[in-house]
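Comments concern the structure below.
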Amino acid sequence: MPKRILQGVVVSDKQEKTLVVKVERRFTHPLLKKTVRKSKNYHAHVENKTQKVGDTVSIEETKPISKLKRWIVIDEAAAAKAGE
């Protein structure tokens, strides 16, 4: 099964090797037929942190690293390619 890749915005970079990334998804409500936006925060592991709050990053699913971290930040070149 392929690893999922999501794009989101960094909302917190206060932890040492962790970024909190907000990923927003849009979908049509099944009953109301209206576009709904839902967001979720993911804790993502990063070794050398160059991202700041407000930056757009791509995160990739991985094996559990800690209690909350199941995602890693993939490098900027790969993130730009995934976004195209």
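Values below: all heavy atoms of this structure, side chains included; hydrogens, waters and symmetry mates excluded.
Salt-bridge check for Lys17 with Glu47: passed, with a basic side-chain N closer than 4.0 Å to an acidic carboxylate O.
Between the side chains of His45 and Lys69, at least one donor-acceptor pair of N or O atoms lies under 3.5 Å.
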- Task: Could you go through the salt bridge (charged side-chain N to carboxylate O under 4.0 Å, His left out) check for Arg4 and Glu61 one step at a time?
- Result: CA-CA 5 Å; Arg4 291 183 293 167; Glu61 195 173 30; 3.0 Å; yes
- Message: Between Ile74 and Ile5, does the side chain to side chain contact (heavy atoms under 4.5 Å, CB included) criterion hold? Intermediate values first, please.
- Response: CA-CA 9 Å; Ile74 52 181; Ile5 295 177; 4.1 Å; yes
- Item | Worked verdict on Glu16 versus Lys49 for side chain to side chain contact (heavy atoms under 4.5 Å, CB included) | CA-CA 8 Å; Glu16 203 163 308; Lys49 199 167 34 170; 5.7 Å; no
- Message: Would Gln7 and Val23 count as a side chain to side chain contact (heavy atoms under 4.5 Å, CB included) here? Give the steps.
- Response: CA-CA 6 Å; Gln7 274 192 320; Val23 175; over 6 Å; no
- Working for side chain to side chain contact (heavy atoms under 4.5 Å, CB included), residues Tyr42 and Ile59: CA-CA 9 Å; Tyr42 293 94; Ile59 57 176; 3.9 Å; yes
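With rounding to the nearest 0.5 angstrom, the CG atom of Asp55 is 8.0 Å from the OG1 atom of Thr50. Distance check: Arg70 CZ to His43 NE2 gives 11.0 Å after rounding to the nearest 0.5 Å. Within the model, atoms NZ of Lys38 and CZ of Arg26 stand 15.0 Å from one another, a figure rounded to the nearest 0.5 Å.
Follow the hydrophobic side-chain contacts under 4.5 Å out from Leu6 and you reach Val10 in the same cluster.
In this structure, Ala44 and Val73 approach most closely via the heavy-atom pair CB-CG2, 3.7 Å. The two atoms that bring Trp71 and Ile65 nearest to each other are O-CD1, 4.2 Å, heavy atoms only. Between His29 and Leu31, the closest heavy-atom pair is ND1-N, 3.1 Å.
Using modelled atom types, one side-chain atom of Lys33 and one backbone atom of Pro30 make a donor-acceptor pair closer than 3.5 Å.
Of the residues Thr56, Asp13, Val46, Val21, the one that meets the side chain to side chain contact (heavy atoms under 4.5 Å, CB included) test with Gln51 is Val46.
Counting non-hydrogen atoms of neighbouring residues, nucleotides and ligands closer than 6.0 angstrom, the NZ atom of Lys22 reaches no more than 12 such neighbours.
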